[in-house]
Protein chains: 2
Amino acid sequence: MPYVMVQIPNAPAPTMPPVPRPVPTSADVARLAGVSRATVSYVLNNAGAVRISEPTRRRVRQAAKELGYVPHAAARTLRAGHSRMVLMPTLPVPAGPLYSQFVHDFQGALSRLDYTVVQYGATGLRGDDAARAWAELRPVAVLVPSPGVGPEGVAVLKRSGARTVVTLGPEAVEGARALLLDHADVGRSAAAHLYARGRRRIGVVVPAERGMEMFSGPRLAGSREALHGTDAHVTELSLAYTEESAAALAARWPALGLDAVFAYNDEYAMLLMRALQDAGVRVPEDVAVIGADDLMLGRLLRPRLSTVRIALPSGRDLASLVDRAVRSPAAVPEPHEPFGATVVQRDSS
Amino acid sequence: MPYVMVQIPNAPAPTMPPVPRPVPTSADVARLAGVSRATVSYVLNNAGAVRISEPTRRRVRQAAKELGYVPHAAARTLRAGHSRMVLMPTLPVPAGPLYSQFVHDFQGALSRLDYTVVQYGATGLRGDDAARAWAELRPVAVLVPSPGVGPEGVAVLKRSGARTVVTLGPEAVEGARALLLDHADVGRSAAAHLYARGRRRIGVVVPAERGMEMFSGPRLAGSREALHGTDAHVTELSLAYTEESAAALAARWPALGLDAVFAYNDEYAMLLMRALQDAGVRVPEDVAVIGADDLMLGRLLRPRLSTVRIALPSGRDLASLVDRAVRSPAAVPEPHEPFGATVVQRDSS
DNA sequence: TTGAAAGCGCTACCAC
DNA sequence: GTGGTAGCGCTTTCAA
């Protein structure tokens with residue numbers, strides 16, 4: 001009696017737990033509307049090539065609404081062989097205001113170009129493993145804050161159908177379109193500025209928080225590099241983003257004997273500046289302070305905070321770059337000027 | 001001669017543009033390794049139920065690596081009938097520090113539970129259209145900063161296979177697990193605090209930026225509500241996040257005759273406080289100022305900024321809540337205490 | 001104007 | 001141990 005155990009699809013369980021109704025498919029819609037699945041597809045996608053009578057259209061739409069039908073993106077992607085998803089891995093650290101704004105603009109601009117931007121939370125995976133995870137989604141384009149992907153990873157992504165891979169960071173990666181954004185240059189600019197202002201014993205703040213090395217490393221290295229071979233000296237200062245840590249650093253300030261500090265960014269600068277002022281250290285007389293990122297808060301501090309402004313590409317420009325690359329991957333990307341870091345001198349240095 | 005025009009799959013074009021090599025599939029791997037697709041699948045997924053000889057495993061892995069094979073997530077999802085994607089629509093405004101931190105924690109925690117968190121940039125779509133767009137991805141769970149989805153939207157998501165829909169906002173939505181986070185309560189707390197401090201002519205800052213109404217509306221309404229029927233009076237103050245806008249507001253401050261202001265959040269409070277101080281208005285003597293969100297910068301201002309702290313759920317708690325809901329959607333969610341708003345009084349009020 | 005059916009890439013059941 | 005194969009939901013050619 002081989003038929004006895006056959007499970008009838010969609011049959012309600014004889015008793016008990018409320019069987020979760022299966023997700024309606026286009027076949028269900030077709031059945032309810034009394035048409036074929038093809039017709040359903042035509043109607044719901046407003047296929048221009050085919051003429052469907054108005055009554056039929058209405059019946060189909062009505063049935064779809066009645067069932068709460070929603071097409072299955074995976075099935076569509078599979079069938080179509082491509083998607084319009086632009087993937088952007090999330091940063092390993094909470095986004096700052098600068099990056100949040102950038103992502104927001106980029107997303108908005110790409111939405112208007114009819115792409116879907118997806119921020120993919122891939123914490124835990126590193127390097128090429130991460131790239132493989134992204135590639136599984138078959139995005140049409142990928143924007144990676146580099147470092148975070150190597151040439152291998154780029155190759156995997158492209159072989160998986162990505163029409164373009166754009167990196168946003170200090171180093172160009174083989175095979176990817178690089179938007180050069182050199183954090184070392186921020187450090188260089190800050191250090192050079194402080195040197196030009198006559199300072200010689202220069203502290204560089206390095207956030208104690210994990211995951212920030214990606215940015216803080218280059219900023220420190222750049223500072224070192226700018227002062228190499230001069231009579232100035234760089235001291236690395238670890239600082240956590242807490243008042244306690246800042247107070248502790250301020251307490252040992254006299255012993256450090258510094259006359260200037262590059263505070264990683266404006267937020268750390270604000271934190272440190274306040275702690276120094278509370279400890280009786282005068283800014284800029286005793287110590288010059290410079291931040292980075294040109295956040296609003298720097299303009300609101302007293303003394304006004306000098307900062308290094310880093311020119312991010314506008315979200316809209318980058319969106320159109322991605323769009324062009326998707327439409328003609330063949331086009332040779334014109335090499336890109338690195339985004340410059342410029343010092344905005346105010347009153348703290 | 002019907003065969004003449006047949007296109008041979010994968011045949012290189014006789015001349016011309018470098019044909020993008022087609023994406024390798026598991027069939028390609030199988031062919032190269034000289035095994036069946038089934039075997040490839042078993043090997044690459046480490047299927048425990050089946051024993052595959054070590055040499056075969058090696059051959060398969062080697063072939064996969066050689067081709068740069070990456071499985072197709074859409075196909076897998078389609079076949080499996082479900083995914084482990086947790087979808088979170090991106091906010092219509094750039095995320096502030098509070099939310100960035102929350103999202104980061106939430107993502108990290110869910111990653112550790114083996115979910116994939118995806119922030120979906122759905123700008124442009126509203127309400128139930130947006131919900132439909134999310135549903136197309138068939139996420140296993142959805143976290144929506146409400147408002148942003150109605151009961152209809154929740155129903156669509158659930159019918160599309162979402163095991164749970166969690167809203168994070170002021171109102172419970174039928175069918176969804178609500179984390180009540182009432183911005184009106186922030187306004188109420190701020191206003192009540194200012195009233196208790198003896199202030200009666202109270203300004204409430206409303207950001208001029210588009211898209212913020214979602215938060216600013218309730219905060220204003222809550223302030224109004226708290227003072228309704230008292231002898232205090234609320235004045236709505238539009239303020240853009242620029243120094244110019246703040247200076248303009250400060251310039252007409254005397255005419256406004258206010259003795260207190262709830263400045264929407266700490267960032268706007270900082271901006272306004274600076275402008276007021278520059279215009280010779282004393283804080284808190286002439287005007288009491290209170291912000292919200294309890295950001296670090298409030299503690300660094302002088303006078304220290306009073307603020308309304310809003311207790312967000314921890315990312316980890318929320319992640320485990322989602323995980324439990326996914327595993328047993330039947331479980332009746334214990335009703336949740338709204339997250340409270342508590343006033344942190346410092347020196348500005 | 002509508003329907004039948006192939007096939008996108010993958011996994012899991014069953015047979016060998 | 002390994003292979004054949006059905007079928008997930010969808011779109012689109014071809015036939016009727």
Side-chain angles (χ1 to χ4, degrees), chain A residues 2 5-7 9-10 22-31 33-60 63-64 67 69-84 135-138 159-161, chain B residues 2 5-7 9-10 22-31 33-60 63-64 67 69-84 135-138 159-161:
Chain A
M5 294 304 293
V6 168
Q7 166 145 29
N10 300 4
V23 181
T25 73
S26 76
D28 296 324
V29 176
R31 201 153 29 232
V35 298
S36 76
R37 286 156 61 216
T39 306
V40 170
S41 179
Y42 291 141
V43 171
L44 297 183
N45 294 311
N46 291 313
V50 205
R51 296 248 163 285
I52 307 279
S53 71
E54 196 48 47
T56 305
R57 303 183 95 89
R58 248 196 300 279
R59 283 218 315 287
V60 170
L67 294 175
Y69 169 72
V70 175
H72 194 308
R76 177 178 288 169
T77 295
L78 188 55
R79 165 70 220 216
H82 60 90
S83 73
R84 287 187 69 78
E136 292 193 0
L137 297 184
R138 299 289 191 270
R159 241 192 328 252
S160 300
Chain B
M5 294 304 291
V6 168
Q7 166 143 30
N10 300 5
V23 181
T25 72
S26 76
D28 296 322
V29 177
R31 202 152 29 230
V35 299
S36 76
R37 285 156 59 216
T39 306
V40 171
S41 178
Y42 292 140
V43 171
L44 297 183
N45 294 311
N46 290 313
V50 206
R51 297 250 163 283
I52 307 279
S53 71
E54 197 48 47
T56 305
R57 304 182 94 88
R58 248 195 301 278
R59 282 218 314 288
V60 170
L67 293 174
Y69 169 73
V70 175
H72 194 308
R76 178 179 287 170
T77 295
L78 188 57
R79 166 70 221 217
H82 63 261
S83 73
R84 286 186 69 79
E136 292 192 1
L137 297 184
R138 299 290 191 269
R159 240 190 330 250
S160 301

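Note that the structure is a prediction, hence the values are computed from the model and not measured.
Going from atom CG of A:Leu44 over to atom C1' of D:dT12 covers 15 Å, rounded to whole Å. One interatomic measurement links the two molecules: CZ of B:Arg58 to P of D:dT2, which rounds to 12 Å at whole-angstrom precision. In this entry the distance linking CZ of A:Arg76 with C1' of D:dT12 reads 13 Å, nearest Å. In this entry the distance linking CD of A:Glu54 with C1' of C:dT1 reads 13 Å, nearest Å. Note: CZ (B:Arg79) to C1' (D:dC8) measures 7 Å, nearest angstrom. The CG atom of A:Asn45 sits 16 Å away from the C1' atom of D:dT13 (whole-angstrom rounding).
Here CZ of B:Arg76 is found 10.5 Å from NE2 of B:His82. Values are rounded to the nearest 0.5 Å.
A sub-4.0 Å separation between OP1 or OP2 of C:dC10 and a side-chain N or O of B:Ser26 is present. A sub-4.0 Å separation between OP1 or OP2 of D:dT11 and a side-chain N or O of A:Arg37 is absent.
Residue contacts shown for A:Thr77 are absent, as no nucleic acid heavy atom lies under 4.0 Å away.
Contact between B:Ala64 and B:Val29 at its shortest, heavy atoms only, is N-CG1, 3.9 Å.
The side chain of B:Thr39 lies closest to D:dT2 when the candidates are C:dA6, D:dT2, C:dG9. Of the candidates D:dG3, D:dC10, C:dT11, the closest approach to any side-chain atom of B:Ala38 belongs to D:dG3.
For B:Tyr42 and B:His72, each mapped to the nucleotide of DNA chain C holding its nearest heavy atom, the one lying further toward the 5' end belongs to B:His72. Between A:Ser36 and B:Val70, the residue anchored closer to the 5' end of DNA chain C is A:Ser36, taking for each the nucleotide with the nearest heavy atom.
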